[in-house]
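Hydrogens, waters and symmetry mates are skipped; everything else that's a heavy atom, side chains included, is used. Residue numbers start from 1 in every chain, and the chains themselves are labelled A, B, ... in the order their sequence lines are given, proteins ahead of strands.
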There are 2 protein chains.
Amino acid sequence: MSTETGEPPATRRNTLSREKVVAAAVAMADASDGKVPSTRKLAESLGVQAMALYHHFRNKDALLDGMVDFVFAEVELPAADADWKPAMRRRAASMREALVRHPWAIAIMDSRANPGIATLRHHDAVIGCLRAGGFTIAGAAHSFALLDSYVYGFVIQELALPLGSPEEIQQSAESVLALAPAEEFPHLTEMAVGHAMKPGYDYGDEFWTGLDLILDGLEQRRDTWR
Amino acid sequence: MSTETGEPPATRRNTLSREKVVAAAVAMADASDGKVPSTRKLAESLGVQAMALYHHFRNKDALLDGMVDFVFAEVELPAADADWKPAMRRRAASMREALVRHPWAIAIMDSRANPGIATLRHHDAVIGCLRAGGFTIAGAAHSFALLDSYVYGFVIQELALPLGSPEEIQQSAESVLALAPAEEFPHLTEMAVGHAMKPGYDYGDEFWTGLDLILDGLEQRRDTWR
DNA sequence: GGTTCTACCTTTACACTGTACAGTAAAACC
DNA sequence: GGTTTTACTGTACAGTGTAAAGGTAGAACC
């Protein structure tokens, strides 16, 4: 009680910290393309034994909580006095970018019920921007749920797509179509051949179509939500 | 080549099959509330050694593919001649129900690039219904991407919520608010206290608000998409 | 400056995971 | 009836998260 606690001593050489561990875990997960590192691999990259991590995290789930919060910290916050519609558009785009940049994050999020500070700050800013934009509490809740659902769901689908060179994509599309005879799945075939496999098509572009539809809908309903 | 292959022999007592294994895995995952069973536990429940599974699946990922397809098989298909708007509404609701009934499915889906037959059949029916409803190919692609993103994303958020009795929910909300002082997160506090924690509030109801907004938006744009 | 304390890290161990590899018994086929 | 195939068992191994206990260097106190 004599001095401030909670601060790391910072005198000992090479001391670990929650932040350093999370940052290293994020870096490794990004590098290994979507797989969260094991405790041993992570510890090794920090020059430490595996069990050392457990002095900073109750268990691995706590580490994952920290990693999710790290991602939220990268998302651009909407200013409270900004025009709500472009602000929400930018924020959704920024959220999508962060989730695509860290493809492991979405898979981890659905089991995490302990939001971190960056997550709370992010939610607060979004709600604040909507409230300042004229939405009622209920309206802001509707909007937030809808926008976030869309972004999360879009990223899930985007990440599930076969990634790689155009040839690889072409090949994977063909292998699916081979399993799916055109007679049995006529509409799927039509869309694949006549639309999605056309040169220049990019599923990522669908993001803006859906987002703008949602934003227009929110604008239309803003003043009807009590 | 002399007889039909692909059929199980069915003469040997207690013979396994892809379908039986998948059904058992789904049942166990549902029972253990969200955790996919290990190969050993699954094998034990089938009265067999763990390695026996590998005669029916190349590896565990193939099993997961099968489980996802099992879930898709439970989703109500839209009839091709149905009115597209109520049909899409019912299909989205049915999809959500299936994903909530099998909470492990969403977490598994994002890494699965090998759709099964039920999945393809489902996609084909949805696209077919939209096309019959007057959407262009591009319009159907927009609609499909948007609706699916919404359903997936909504379910992710729904499942991440603390589940349990009202008291447990109340307690978990309070623990979050304790971490988040009202001065620092005013809008979050306002929404939690003045909206989400009010008796009778159910996050699940937000599903319909967002879904109807999207469906109305699709209707408005249907004839503008080329 | 010496003692005590304690925050941080190591060591060892255990139960559990997916799966490679080799073996075996029964069924299917000629 | 002998050969081949199919469906399964047994054993083994590298890797996982983490409990328990032990060690040690620096901080705190006198």
Side-chain angles (χ1 to χ4, degrees), chain A residues 1-22 24-25 28-29 31-68 104 107-108 111-112 114, chain B residues 1-25 28-29 32-68 104 107-108 111-112 114:
Chain A
M1 286 279 186
S2 53
T3 65
E4 287 127 318
T5 55
E7 302 269 318
T11 30
R12 202 195 272 239
R13 266 194 340 254
N14 263 357
T15 202
L16 248 49
S17 73
R18 216 165 252 263
E19 289 72 30
K20 276 195 224 171
V21 174
V22 168
M28 288 188 75
S32 72
D33 214 74
K35 299 212 335 87
V36 172
S38 72
T39 51
R40 278 171 247 255
K41 301 266 180 65
L42 174 56
E44 191 188 356
S45 92
L46 289 161
V48 115
Q49 292 302 113
M51 289 309 290
L53 304 176
Y54 286 80
H55 240 267
H56 302 272
F57 300 91
R58 207 201 291 83
N59 51 32
K60 187 155 189 185
D61 261 27
L63 207 210
L64 299 184
D65 283 337
M67 292 176 75
V68 168
W104 41 267
I108 271 173
S111 49
R112 239 112 293 285
N114 304 313
Chain B
M1 285 282 187
S2 53
T3 64
E4 287 127 316
T5 54
E7 301 271 320
T11 30
R12 201 195 273 237
R13 265 194 340 256
N14 263 358
T15 203
L16 249 47
S17 73
R18 214 166 255 263
E19 290 71 31
K20 275 196 225 169
V21 174
V22 168
M28 287 188 77
S32 71
D33 213 74
K35 300 214 331 90
V36 173
S38 72
T39 51
R40 276 171 248 253
K41 301 266 180 62
L42 175 57
E44 190 189 356
S45 92
L46 290 161
V48 115
Q49 291 303 113
M51 289 310 291
L53 304 176
Y54 286 80
H55 238 265
H56 302 272
F57 300 92
R58 206 198 296 82
N59 50 31
K60 187 154 188 185
D61 261 28
L63 208 210
L64 299 184
D65 283 337
M67 292 175 75
V68 168
W104 41 266
I108 272 172
S111 48
R112 238 112 295 284
N114 303 314

Just compare [options] and give me whichever is closest to any side-chain atom of [X].
X: A/Met51; options: D/dA19, C/dT17, D/dC8; result: D/dA19
X: B/Tyr54; options: C/dG18, C/dC9, D/dT18; result: C/dG18
X: B/Lys60; options: C/dT19, C/dC8, D/dA7; result: C/dT19

To the nearest Å, give me how far apart [atom1] ([X]) and [atom2] ([N]) are.
X: B/Phe57; N: C/dT19; atom1: CZ; atom2: P; answer: 13 Å
X: A/Asn59; N: C/dC16; atom1: CG; atom2: P; answer: 18 Å
X: A/Arg40; N: D/dG17; atom1: CZ; atom2: C1'; answer: 7 Å
X: B/Gln49; N: C/dG18; atom1: CD; atom2: P; answer: 15 Å
X: A/Asp61; N: D/dT16; atom1: CG; atom2: P; answer: 17 Å
X: A/Leu42; N: D/dT16; atom1: CG; atom2: P; answer: 11 Å
X: A/His55; N: D/dG26; atom1: NE2; atom2: P; answer: 16 Å
X: A/His56; N: D/dT18; atom1: NE2; atom2: C1'; answer: 16 Å

Using modelled atom types and a 3.5 Å cut-off, is there a donor and acceptor pairing between side-chain atoms of B/Asn59 and backbone atoms of B/Ala62?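 Yes, the answer is positive, given that a donor and an acceptor are paired below the 3.5 Å cut-off.
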I need the full list of salt bridge (Lys or Arg N to Asp or Glu O under 4.0 Å) pairs touching residues 32-55 of chain B, with sequence neighbours left out, sorted by first then second residue.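 Listed once each, the pairs would be none.
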Is there a side-chain contact between A/Met51 and A/Thr39, using heavy atoms and a 4.5 Å cut-off? no
Atom pair NE2/CG of A/His56 and A/Leu46 - distance to nearest 0.5 Å: 9.5 Å
Atom pair NZ (B/Lys60) and CG (B/Leu53), whose distance is rounded to the nearest 0.5 Å: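 The CG atom of B/Leu53 is 9.5 Å from NZ of B/Lys60, to the nearest 0.5 Å.
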To the nearest 10°, let me know how far the axis at one end of the helix from C/dG1-D/dC30 to C/dC30-D/dG1 is tilted from the axis at the other, five pairs an end. 10°
Please test A/Val22 against A/Phe57 for side chain to side chain contact (heavy atoms under 4.5 Å, CB included), starting from the C-alpha separation and ending with a verdict. CA-CA 10 Å; A/Val22 168; A/Phe57 300 91; 3.8 Å; yes
Would you say B/Ser38 places a side-chain N or O within less than 4.0 Å of OP1 or OP2 belonging to C/dC16? no
May I ask you to verify if any side-chain N or O of B/Thr15 is less than 4.0 angstrom from the OP1 or OP2 atom of D/dA7? no
Evaluation steps, side chain to side chain contact (heavy atoms under 4.5 Å, CB included), between B/Val36 and B/Leu63: CA-CA 10 Å; B/Val36 173; B/Leu63 208 210; 5.7 Å; no
